[in-house]
Amino acid sequence: MIVSLREDADQQSVKQELAALGLWIAQVERSLGTGGIQLVVAAHSTVVDPRLVAQIAGVCSVSVPIPQHPQMDQQGPQVMVAGHAIGGSKVTLMCGPCSVESPEQIDAIAARLAPLGVSFLRGGAFKPRSSPYNFQGHGDPALAWMREAATKHGLRVVTEVLSEHDVSAVAELADLIQIGSRNMQNFALLKRVGRVGKPVLLKRAMSATMEEWLLAGEYLLHHGSSGVVLCERGIRSFDPSTRNLVDLTAVALLAHVHHLPVIVDPSHGTGRRDLILPLARAALAAGAAGVMIETHDDPGRALSDGPQALRGDELAAVLHALKQVSP
Ligand code: PEP
Ligand code: MN
């Protein structure tokens with residue numbers, strides 16, 4: 001925001017009134033056109049209606065930057081997915097295995113998730129793996145196994161689409177289409193997913209800025225997605241003690257300043273099953289609309305991400321403990 005002062009303005013008193021609104025001045029400049037004084041508001045100031053600023057004595061005009069992601073700014077905190085409001089009054093729980101391994105596995109997991117208040121069955125049919133020698137997912141058949149298990153147990157499906165080639169198949173069977181971290185800025189994929197008009201769970205790339213993340217969401221809405229739910233899944237940090245670093249500052253900023261729905265994934269965020277509960281609690285306290293948590297009946301034999309998977313009984317205990325954190 002740039003605040004232009006009248007010639008007779010008392011710069012100190014304008015600055016004090018701006019500070020009282022939570023606006024801090026990064027720079028004082030002279031306008032190249034009029035020669036008048038301009039106060040450049042620091043980017044980290046509070047979000048304030050420019051009309052309030054224009055009313056301060058001595059202020060001549062206020063200019064605000066052109067919004068870069070107008071549709072994300074307009075979307076609001078709630079996204080409807082197959083009759084469920086993400087960002088509504090209830091915390092949204094998305095649980096399931098990292099990978100869909102077999103029809104029996106996904107059915108058994110879905111059966112025990114349903115009574116725990118879980119709304120979404122998660123699981124990857126197409127897996128983005130760092131090594132080409134690791135399990136890559138069962139593909140199309142896994143989508144069908146997952147849909148069947150979810151429908152049978154009254155759950156919705158959230159699953160990742162890895163390539164443009166699979167968008168139709170995933171869109172047909174998923175309620176919420178997941179774009180994974182590694183694809184957050186795959187613009188061709190974002191456009192293609194947008195065109196199917198379904199809601200999307202957009203995971204943050206490992207080193208994406210907030211602005212890049214919001215712009216990726218803007219791609220989806222611009223091309224037709226019915227809603228974008230953001231997912232904080234941990235960013236790369238300098239410290240290898242945990243797999244990633246869950247950025248709760250981003251969660252608070254999205255929830256309380258941008259008023260957008262954000263789901264936190266403490267499984268990928270920490271990579272450690274013993275940290276899932278504290279991070280999930282912190283996420284809800286920071287304003288998250290829900291959490292995504294990986295579970296497996298036998299984590300030691302999981303085809304992917306075993307170390308971060310909770311067994312069924314452990315997941316039930318975590319979800320029970322989370323009920324005590326009110327959004
Ligand atoms: C996942 O949710 O299965 C996954 C691969 O997550 P991410 O894209 O956050 O690594
Ligand atoms: Mn995983």
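Numbers here are sequence positions counted from 1. Atoms within each ligand, like the ligands themselves, are counted from 1 in listed order.
For ligand 1, the atoms closer than 4.0 angstrom to any heavy atom of Gly180 are 8 (O). Those atoms of ligand 1 that come under 4.0 Å of a heavy atom in Glu160, given as number and element, are 4 (C), 5 (C).
Side-chain contact between Thr270 and Gln308 is absent, with no heavy atoms from C-beta onward closer than 4.5 Å. By the 4.5 Å heavy-atom criterion applied to side chains, Leu39 and Gln11 are counted as neighbours. Under the 4.5 Å side-chain criterion, counting only non-hydrogen atoms from C-beta, Val81 is not in contact with Leu201. Residues Met206 and Arg182 are in side-chain contact: their nearest non-hydrogen atoms beyond the backbone lie under 4.5 Å apart.
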Could you pull out every donor-acceptor pair under 3.5 Å between side chains of residues 135-144 and any protein atom, sequence neighbours left out?
unit_1, atom_1, unit_2, atom_2, d
Gln136, NE2, Ser131, O, 3.3
Gln136, NE2, Asn134, O, 2.7
His138, NE2, Glu101, O, 2.9

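Distances shorter than 4.0 angstrom occur between a heavy atom of Arg182 and an atom of ligand 1. In this structure, Gly124 does not count as a contact residue of ligand 1, since none of its heavy atoms falls inside 4.0 Å of the ligand.
Put simply, the side chain of Ser31 gets close to the backbone of Thr34: a donor and an acceptor are under 3.5 Å apart. Not a single donor-acceptor pair under 3.5 Å links the side chain of Asn183 to the backbone N or O of Asn186.
With hydrophobic clusters built from ILVMFWY side chains whose heavy atoms lie under 4.5 angstrom apart, Val200 does not share a cluster with Leu215.
Shown are the protein N/O/S atoms under 2.8 Å from the Mn ion (ligand 2), given by residue and atom: Cys98 SG, His268 NE2, Glu294 OE2, Asp305 OD2.
The shortest N or O to N or O distance between Ser181 and ligand 1 is under 3.5 Å. Checked against a 3.5 angstrom limit, the closest N/O atoms of Arg233 and ligand 1 fall inside it.
Every residue meeting the salt bridge (charged side-chain N to carboxylate O under 4.0 Å, His left out) condition with Lys152, not counting sequence neighbours, appears here in chain and number order: Asp107. By the side chain to side chain contact (heavy atoms under 4.5 Å, CB included) test, Glu29 pairs with Gln27, Gln38, Val40, sequence neighbours left out.
If you check which protein heavy atom lies closest to atom 6 (O) of ligand 1, you get Lys203 NZ, 2.9 Å. Atom 4 (C) of ligand 1 has its closest protein heavy atom at His268 NE2, 3.7 Å.
When heavy-atom distances to ligand 1 are checked against a 4.0 Å cut-off, Pro128 comes that close only through its side chain, counted from C-beta outward.
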